There are 2 protein chains.
Amino acid sequence: MAGDGTVYEELKAAILRGDFSPRQRLVEVELSEDFGASRFQVRRALHTLESDGIVEHLPNKGARIREIGIDEAVEITEVRMVVEGLVAARAAERVSDEQAEALLDVGRRMRAAVEVGDVGTYSELNGVLHSSLRDIAQHHKANGIIARLHGQMVRHQFALSRVPGRPSVSVVQHENIIAAVVARDPMAAEAAMRAHISSVIEALRAIA
Amino acid sequence: MAGDGTVYEELKAAILRGDFSPRQRLVEVELSEDFGASRFQVRRALHTLESDGIVEHLPNKGARIREIGIDEAVEITEVRMVVEGLVAARAAERVSDEQAEALLDVGRRMRAAVEVGDVGTYSELNGVLHSSLRDIAQHHKANGIIARLHGQMVRHQFALSRVPGRPSVSVVQHENIIAAVVARDPMAAEAAMRAHISSVIEALRAIA
DNA sequence: GCCAACAATATTGTTGACAATATCAAGGCG
DNA sequence: CGCCTTGATATTGTCAACAATATTGTTGGC
């Protein structure tokens with residue numbers, strides 16, 4: 001029914017929402033029925049998801065959800081570390097006064113959430129902070145790569161958010177990032193971002 | 001006729017070779033005749049090339065070679081800078097004695113090529129050096145991203161190699177990278193790589 | 001009861017035809 | 001003369017049917 005390219009969006013959203021489990025087969029006709037789309041459109045969506053690194057395609061055996069192990073998750077996060085470092089540095093160069101104030105506000109709300117123990121809000125603010133930095137940096141290429149990598153990390157991202165005690169550690173790192181960006185200090189901003197994501201990598205390894 | 005996925009390889013090679021000019025339309029039937037493939041296969045290849053960032057696809061208007069301006073080329077190279085920095089650091093951690101010797105040999109041949117003024121050989125050795133580092137680092141995710149970015153840069157890469165006087169500058173930078181990797185110093189290797197690619201960015205800006 | 005050969009089914013891969021859309025050319029009107 | 005309308009052509013978008021391949025189930029032999 002839907003002639004748009006929405007099949008891709010919907011299917012991707014469903015996968016990111018966790019509707020499918022790793023290595024689960026994605027049968028074309030099933031999906032086309034579920035989404036009310038033609039097999040043709042499902043096929044194209046699967047192909048795009050494959051180059052997003054979310055789905056893998058085995059010849060003559062169809063598509064399945066790619067399983068991303070700890071090793072690969074670490075690699076992804078390592079790349080994310082340096083690219084988000086670039087974004088942070090660039091944000092420090094370009095941030096406006098209003099944007100700086102907004103960042104400080106996010107920082108304050110993060111600390112408040114941690115003190116109350118509101119993990120959900122903290123996790124949400126975490127996403128807001130990182131995406132705000134991307135908005136400020138306006139580095140199209142970096143943003144695209146980060147988005148792609150993020151899509152591959154959803155499952156581990158979820159696991160990470162459940163590690164107890166992490167918020168109280170990372171809130172300080174986030175404050176350091178914000179302080180450096182607000183101070184218009186690119187080098188410090190990059191260093192702070194890398195320190196932060198570096199600790200995420202350690203937490204990832206600790207899960208395994 | 002070719003039932004393989006070789007259409008993608010061939011078409012990509014043709015584009016990278018420079019057989020098409022930026023913004024040139026890629027008509028499906030033309031390509032299918034040229035490559036002796038079906039329109040179906042061409043279509044899939046175009047879709048993949050689109051997610052490679054080499055081709056852009058306008059709805060109902062088909063595919064064309066993406067034109068990458070200086071601004072975007074700079075962005076690409078900025079990302080490449082940090083990701084190759086990561087690769088260099090990792091290479092310094094993992095390099096074996098034989099690999100170290102091979103790197104030193106590449107360095108010597110680079111200097112020799114520069115002194116003789118053999119630009120072609122120098123450019124080739126440049127590629128060998130960077131790809132050797134990727135082989136040593138074994139960072140699958142970083143390597144993939146670098147390859148993707150490289151594909152988008154071919155045209156500018158060519159322009160860069162023609163800038164007179166660049167080899168004599170960059171050969172020193174390359175020697176610094178090699179020295180740091182051979183010394184097993186990750187931080188120095190990353191710094192050297194970033195310094196090198198940073199100067200590439202300056203050269204890029206200078207072209208415009 | 002277990003294994004191999006083979007048939008039945010399910011699923012992906014491909015094709016050619018057709019529909020939808022855009023591009024271009026020519027003619028008519030102001 | 002310029003410009004809009006209209007028709008002709010080129011090109012992409014979609015589909016449904018078919019071919020190729022993999023998976024599953026079944027039968028027969030031992």
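To find a chain, count down the sequence lines: A is the first, B the second, and so on, and within it residues start at 1. Values in this document were obtained by computation on a predicted structure and should not be read as measured data.
Look at B:Lys141 and A:Glu72 and you find a salt bridge, because one of the NZ, NE, NH1 or NH2 atoms lies within 4.0 Å of a carboxylate O, short of that distance.
Residue A:Asn60 has its side chain nearest to D:dT21 when only C:dT15, C:dT21, D:dT21 are considered. Closest contact between the side chain of B:Arg43 and the listed nucleotides D:dC15, D:dT14, C:dT14 involves D:dT14. With distances taken from any side-chain atom of B:Glu28 to the nucleotides C:dT12, C:dT15, D:dG13, the minimum falls on D:dG13. When distances run from any side-chain atom of B:Lys61 to the nucleotides C:dA22, C:dT15, D:dG13, the shortest one goes to C:dA22.
Looking only at distances, no side-chain donor or acceptor of A:Glu84 sits under 3.5 Å from a matching main-chain atom of A:Met81. A donor-acceptor contact shorter than 3.5 Å is absent between the side chain of A:Thr121 and the backbone of A:Asp118.
Taking atom CD of residue B:Gln41 and atom P of nucleotide C:dG13, one finds them 12 Å apart after rounding to whole Å. Taking atom CZ of A:Phe40 as the reference point, atom P of C:dT12 lies 16 Å away to the nearest angstrom. Distance A:Leu58 CG to C:dA10 P: 21 Å, rounded to the nearest Å. Rounded to whole Å, atom P of D:dG13 lies 19 Å from atom CZ of A:Arg39.
When the side-chain nitrogen and oxygen atoms of B:Arg44 are compared with OP1 and OP2 of C:dG13, none of them lie within a distance under 4.0 Å. Under 4.0 angstrom from either OP1 or OP2 of D:dT14 there lies no side-chain N or O belonging to A:Ser38. Considering only side-chain N and O atoms, B:His57 lies under 4.0 angstrom from the phosphate OP1 or OP2 of D:dG13.
Two rings, from A:His174 and A:His196, have their centers less than 6.0 Å apart.
Among the protein residues, A:Leu26 comes within range of the sugar-phosphate backbone only, with heavy atoms under 4.0 Å from sugar or phosphate atoms but none that close to a base.
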